[in-house]
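Just so it is clear, the model here is predicted, and its values are computed rather than measured.
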Amino acid sequence: MALEVNNLEGNEVADDYSRTSVPQGRWSDTWYIFKSNFLKLVLINVFVLITFAPAIVLLFFRSSYIQLLGNVYPLNTSILFPYYSDVSGLAERVTLSADILFYAALVLSGFIAAIGVAGAGYSIRRIINTHGQFTLKGFFHGVKVNYLSTVLPVTVFMLFLYATFLVGDWSKIVSATGGNSAGAITAFVFIIIATVLVGIFSAWQYAVGTTYKVKFKDLYKNSFILLVGSVLRTVFMVGFSLIPVWLFMIGGVVRVISYIVFVFIGFSFILLCWTAFTQSVFDAYINPTIKAAEEDKKAARTQEEVIEDDKQRARELLAAGKSELISRPILPIAAEAAVAGIGKTFTRENIAAVKAGRDKLGAEVASYEDAHKNDTVYAEYNKLFAERERALTDEVGKKGKKKKKISAANLLK
């Protein structure tokens, strides 16, 4: 499938490193990176966790705030008039009021969390593209170059998530107060679907925006094209990448395990899986320009080094081009002339017979080669390569003439 993306090839955000080719398959290479750079991923995860601290604190205070109001308000619906008036829906209204306040602050905390996601995304992509290079300076450089490309999709997704929470609270109020909940539940289902779709699109927007330098309109267009072009794989990889989140949602002992996972590797695991997947799509459909580190070294070579490299390459071409099967006669051996082998059991006489047969065959091969070595086909072939080999040493011509440059380009003409 050809993807008509714009302004991506050659515009990678890789200011402080040069990409290297993948020595093996993308996923086997990612697994190797995960194993060999585990401590680096843990360190990156700690930095992300620090930037998520405001969001974690807000969620803790939200839970405490609701619990405090539960101790103040008469939320027990079994206590009826005349002790208390009807309190149906009061608990849901308390939750809604808390969510309006705390989840709004949670959206704002996304501006801080985007710092960690920007730096971590850049660092992990650098580890993938260089097979292990990571520096703290590179992490903060990633924050500098990728923050705007990160905070935009994060904020959009957080706004939809905020709306999902509020619509969910509203549907619970309608249901608790005996109203017609069909419309509220329908709205809740639609907002969940919209949030999931926006979340997946935002993930692609984050991948494109933090990998390539593109204009705003091209960012949205290319993200949509890449999403549609790999929709099934995208859905699968989103689900796979969010394994730490699914563990958290199970609850019980598994939730405790998920806490440990998030502290040490959870965020890095999510970003590593998503980054490896999106990079595989980029490599398959966009063919980005890779600047190898050897190019800088090659550009700094002296003229003498360039000449010597050309000579060495010419020698290699000669060695690869000259064939022993063509340069010398080889005796055609019939099947009946082949030397007989020995079985599992043998005697000294059998060994002597085999040796005599090999010596006889060797003599016949040498005799045939000597008799036909001056045949035209072999003589012309060897003469051709002899002249070319002499060109490697005949660097100085007659007196007064300039030294001839020897290179792979003019050697085999």
Participant: Can you name the residues that form a ring pair (Phe, Tyr, Trp, His ring centres under 6.0 Å) with F38, not counting sequence neighbours?
Facilitator: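 For F38, the residues satisfying ring pair (Phe, Tyr, Trp, His ring centres under 6.0 Å) (neighbours in sequence not counted) are F34.
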
Participant: Could you tell me whether the side chain of S171 and the main chain of G168 form a donor-acceptor pair under 3.5 Å?
Facilitator: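 Yes.
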
Participant: To the nearest 0.5 Å, what is the distance between OG (S63) and CG (L58)?
Facilitator: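 It comes to 12.5 Å.
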
Participant: Quick one: closest heavy-atom pair of Q205 and S223, and the distance?
Facilitator: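 That closest heavy-atom pairing would be CA-OG, 3.2 Å.
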
Participant: Can you tell me which residue pairs pass the ring-ring contact (aromatic ring centres under 6.0 Å, His included) test with a partner in residues 184-203, sequence neighbours excluded?
Facilitator: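 Those involving residues 184-203 are F201-Y220.
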
Participant: Check this for me: Y147, atom OH, are more than 12 non-hydrogen atoms of other residues, nucleotides or ligands nearer than 6.0 Å?
Facilitator: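 More than 12 within 6.0 Å, yes.
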
Participant: Testing L136, T275, V143, I44 for side-chain contact (heavy atoms from CB on, under 4.5 Å) with S123, which one passes?
Facilitator: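 For S123, the side-chain contact (heavy atoms from CB on, under 4.5 Å) check succeeds only for I44.
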
Participant: How far apart are the closest heavy atoms of V214 and D218, and which atoms are they?
Facilitator: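 Taking every non-hydrogen atom into account, CB-CB, 4.3 Å.
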
Participant: How close do A207 and W274 get, counting heavy atoms only, and between which atoms?
Facilitator: CB-NE1, 3.8 Å

Participant: I'd like to check the side-chain contact (heavy atoms from CB on, under 4.5 Å) partners of T195; sequence neighbours left out, ordered by chain and number.
Facilitator: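 Residues passing side-chain contact (heavy atoms from CB on, under 4.5 Å) with T195: F157, F160, L161, T164, I191.
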
Participant: Out of curiosity, D29 CG to S280 OG, how far, rounded to the nearest 0.5 Å?
Facilitator: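 Reported value, rounded in 0.5 Å steps: 11.5 Å.
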
Participant: With sequence neighbours left out, write down each residue that passes ring pair (Phe, Tyr, Trp, His ring centres under 6.0 Å) with F47, or none if nothing qualifies.
Facilitator: F139

Participant: Are the side chains of F134 and L43 in contact, using a 4.5 Å heavy-atom criterion?
Facilitator: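 The answer is yes, as the side chains (C-beta and beyond) meet within the 4.5 Å cut-off.
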
Participant: Looking at side-chain heavy atoms only, is the closest gap between T278 and T211 below 4.5 Å?
Facilitator: no

Participant: As an exercise, state the distance from NZ of K40 to CD1 of I33, rounded to the nearest 0.5 Å.
Facilitator: 10.0 Å

Participant: Which value, rounded to the nearest 0.5 Å, describes the distance between F216 atom CZ and L152 atom CG?
Facilitator: 5.5 Å

Participant: Taking C-beta and beyond as the side chain, do R255 and Y259 meet within less than 4.5 Å on heavy atoms?
Facilitator: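 Touching, per the 4.5 Å side-chain cut-off.
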
Participant: Side-chain contact test, heavy atoms from C-beta onward, threshold under 4.5 Å: evaluate it for T177 versus R93 and give yes or no.
Facilitator: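 They are in side-chain contact.
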
Participant: Quick one: closest heavy-atom pair of T95 and R62, and the distance?
Facilitator: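 Closest pair (atom of T95, atom of R62, distance): CG2-NH2, 4.0 Å.
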
Participant: Any side-chain heavy atom of F52 within less than 4.5 Å of one from V117?
Facilitator: yes

Participant: Any non-hydrogen side-chain atom of F282 less than 4.5 Å from a side-chain atom of Y212?
Facilitator: yes

Participant: Counting only N and O atoms by type, is there a donor-acceptor contact under 3.5 Å from the side chain of S175 to the main-chain atoms of K172?
Facilitator: no

Participant: Would you sort out whether I56 and L49 count as a side-chain contact (heavy atoms from CB on, under 4.5 Å), showing the intermediate values?
Facilitator: CA-CA 9 Å; I56 297 172; L49 188 63; 4.1 Å; yes

Participant: Just so I know, are the side chains of L361 and E364 near enough to count as touching, which here means a heavy-atom distance under 4.5 Å?
Facilitator: yes

Participant: Taking the side chain as every heavy atom from C-beta outward, state whether V365 and Y368 have any atom pair closer than 4.5 Å.
Facilitator: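 No, too far: nothing below the 4.5 Å cut-off.
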
Participant: Using a 3.5 Å distance criterion without hydrogens, assess whether the side chain of S149 forms a donor-acceptor pair with backbone atoms of G209.
Facilitator: yes

Participant: I need the minimum non-hydrogen distance between A104 and Y162, along with the two atoms involved.
Facilitator: N-CE1, 3.3 Å

Participant: Does anything in residues 234-253 form a side-chain hydrogen bond (donor to acceptor under 3.5 Å, both in side chains)? List the pairs, not counting sequence neighbours.
Facilitator: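 Sorted result for residues 234-253: W204-T234, S230-T234.
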
Participant: Ignoring hydrogens and angles, write down the donor-acceptor pairs under 3.5 Å from the side chains of residues 261-273, residues two or more places apart or on other chains.
Facilitator:
from : atom 1 : to  : atom 2 : distance (Å)
S268 : OG     : L41 : O      : 2.6
S268 : OG     : N45 : N      : 3.2

Participant: What distance separates F111 CZ from T51 OG1, expressed to the nearest 0.5 Å?
Facilitator: 14.0 Å

Participant: First locate atom CD1 of I50, then atom CD1 of I112, and finally report the distance between them rounded to the nearest 0.5 Å.
Facilitator: 12.5 Å

Participant: What are the two closest non-hydrogen atoms of G138 and T135, and how far apart are they?
Facilitator: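 For G138 and T135, the tightest heavy-atom pair comes out as N-OG1, 2.9 Å.
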
